[in-house]
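The next block holds one structure in the form of structure tokens; read it before the comments.
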Amino acid sequence: MAADLPAPNFDLAATLNSGQAFHWEDLGEEGFAGCIGEQPVGLRQNGERIVVRPAGAREIARRYLRLDEDHGAVLAGFPKGDAVLAEAVAYCPGLRILRQPLWECLATFLTSSMKQVAHIRQISLRCRGELGRSRRLGSLALGAFPPPAAVASAGEKRLREFGLGYRAGFVHRAAVRLAGGEVRLEEGEALDDAELLEFLLSFDGVGEKIANCVRLFAYGRLSAFPVDVWIERVLRERYFGGAEIGRKDLLEFVGRHFGDYGGYAQQYLFHHARTSRGNSRSRP
DNA sequence: GTCCAGGAGAGGC
DNA sequence: GCCTCTCATGGA
């Protein structure tokens, strides 16, 4: 059984493949399959609706895909007269930010430093397959992301076997800290943006970029603006004409220019830079 | 074989 | 404070 959700101006494939989450399986015309937390879900775009199976996962999918948000307000909140951003939005207007479960977002982005998207995906799928609960969607087996306790008890050495390299210690220590009950990621929901940043930076291996990814993709803080190598290049080339500009000045510009929905602006710029013709090539 | 990836931390200055 | 080096691995 399936249910569906209204999804005007929404692009499911672009959203699930835009480097926010890494575990969705592309089933072609059948859509996509993956777990949202412990829940196995099938998602398929049918015009301006998203078909969800099983039907009981409808509200989980609505939350995950942020189909409850006023996306018009997001677009209206972008800086006026920014032709670079307008071009990126026009390239893929249906791109959205996800609202991911906190731990799997943090753990996945802890593995992301100096890794290509394809490899982050490989690591995510291995963690799920080896340590997570196996869930079923029809005849399809899907791995849920392992909870902190499962990652903690697996040990750092085991994580290294999944290709995490030096990041294994980061993921393991975060898992131990959370599994021990020292802190809970849910505590971050009540913090303001600056406090949440500080909270996330308290995890070893989390710097400003990863903290902003988690603030944006899990906590729904839409002003958070992760600056990675792609975005830094876009800013230098498109906003500063390739001129020499320090990283500090770049970050100051970001905070001043993009506003309350900077995270969304960032995702449009990132997606455009990575995938559009003339920009993608094999590398930036 | 070479280059680089949705970075962070430590050390030197 | 900023600059540089190192960390581990695999895709392009």
Side-chain angles (χ1 to χ4, degrees), chain A residues 14-24 88 92 95-98 100 104-127 129-130 155-174 177 197-219 221-238 244-252 254 258 262-284:
Chain A
T15 298
L16 296 182
N17 287 323
S18 63
Q20 302 181 60
F22 303 87
H23 64 291
W24 288 93
C92 187
L95 179 66
R96 301 299 182 85
I97 299 291
L98 297 171
Q100 300 180 53
E104 64 181 68
C105 185
L106 172 62
T108 303
F109 276 96
L110 271 172
T111 73
S112 73
S113 78
M114 298 303 288
K115 283 289 183 191
Q116 296 179 29
V117 169
H119 196 205
I120 300 169
R121 172 181 171 81
Q122 190 177 21
I123 292 170
S124 174
L125 292 175
R126 283 203 72 179
C127 287
E130 303 274 345
E156 180 177 337
K157 186 180 173 192
R158 184 89 192 281
L159 294 176
R160 279 186 179 261
E161 295 170 5
F162 303 160
L164 272 75
Y166 62 88
R167 307 157 193 82
F170 297 153
V171 176
H172 187 247
R173 286 194 285 281
R177 189 177 170 197
L197 177 62
E198 288 305 310
F199 174 58
L200 292 170
L201 290 175
S202 73
F203 287 88
D204 191 20
V206 175
E208 196 165 335
K209 190 271 174 182
I210 291 177
N212 279 329
C213 285
V214 179
R215 286 204 299 170
L216 179 59
F217 302 140
Y219 289 92
R221 306 300 172 98
L222 298 183
S223 66
F225 194 108
V227 177
D228 70 340
V229 292
W230 288 91
I231 287 295
E232 192 163 338
R233 191 173 300 110
V234 170
L235 293 174
R236 284 185 205 285
E237 292 181 358
R238 304 292 308 272
E244 289 286 330
I245 177 170
R247 185 177 167 79
K248 182 188 168 191
D249 291 331
L250 220 49
L251 294 177
E252 196 271 334
V254 163
F258 290 103
Y264 251 109
Q266 176 276 157
Q267 193 61 15
Y268 280 114
L269 293 170
F270 176 79
H271 184 65
H272 180 242
R274 279 191 69 242
T275 63
S276 69
R277 280 174 56 82
N279 282 329
S280 64
R281 294 185 287 274
S282 58
R283 281 195 292 275

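Proteins get letters first, then strands, A, B, ... in listed order; numbering begins at 1 in each.
With A:S18 as reference, A:Q267 is the one residue of A:R96, A:Q267, A:H271 to meet the side-chain hydrogen bond (donor to acceptor under 3.5 Å, both in side chains) rule.
In summary, A:K157 and A:E161 do not engage in a salt bridge, as defined by a charged side-chain N under 4.0 Å from a carboxylate O.
No donor-acceptor pair under 3.5 Å is formed between the side chain of A:R121 and the backbone N or O of A:Q116. Looking at A:Y268, its side chain does come within 3.5 Å of a backbone N or O of A:L95 through a donor-acceptor pair. The main-chain N or O of A:I245 is found under 3.5 Å from a side-chain atom of A:R236 such that the two form a donor-acceptor pair.
Across all strands, A:F162 comes closer than 4.0 Å to no nucleic acid atom at all (heavy-atom distances). Residue contacts for A:V227: at a heavy-atom cut-off of 4.0 Å it reaches no nucleic acid atom on any strand shown. If you check every strand for non-hydrogen atoms under 4.0 Å, A:Q267 touches a base.
Counting to the nearest Å, the C1' atom of B:dG7 and the CZ atom of A:F203 are 18 Å from each other. At whole-Å resolution of the value, CG in A:D249 and P in C:dC3 are 11 Å apart. Taking atom CZ on A:R233 and atom C1' on B:dC3, their separation rounds to 12 Å, with Å as the unit. Rounded to whole angstrom, the span from the CG atom of A:L200 across to the P atom of B:dG7 amounts to 17 Å. Between the CZ atom of A:F109 and the C1' atom of B:dG7 there is a distance of 12 Å, rounded to whole Å. Whole-Å rounding puts the A:R126 CZ to C:dA8 C1' distance at 14 Å. Distance A:L159 CG to C:dT9 P: 13 Å, rounded to the nearest Å. Counting to the nearest Å, the C1' atom of B:dG7 and the CG atom of A:L164 are 14 Å from each other.
To the nearest 0.5 Å, atom SG of residue A:C213 and atom CD of residue A:Q100 are 9.5 Å apart. Considering CG of A:L200 and OH of A:Y219, their distance stands at 5.5 Å, rounded to 0.5 Å. For the atom pair CG of A:L269 and CD1 of A:I231, the computed distance is 5.0 Å after rounding to the nearest 0.5 Å.
For the P atoms, the distance linking C:dA8 with B:dG11 amounts to 16 Å, nearest Å.
No hydrogens or angles were tested; on distance alone, a donor-acceptor pair under 3.5 Å links the side chain of A:Y166 to the base of B:dG7. Side chain A:R167 to base B:dA8: no donor-acceptor pair is found below 3.5 Å.
The side chain of A:D228 lies closest to B:dG7, out of B:dA5, B:dG7, C:dC2.
Residues from residues 113-123 of chain A with heavy atoms under 4.0 angstrom of DNA chain C, sorted by number: A:M114, A:K115, A:Q116, A:H119, A:Q122. Of the residues in residues 15-24 of chain A, those placing a heavy atom less than 4.0 Å from an atom of DNA chain B are A:S18, A:G19, in numerical order.
Aromatic ring centres of A:F170 and A:F109 lie farther apart than the 6.0 Å criterion allows.
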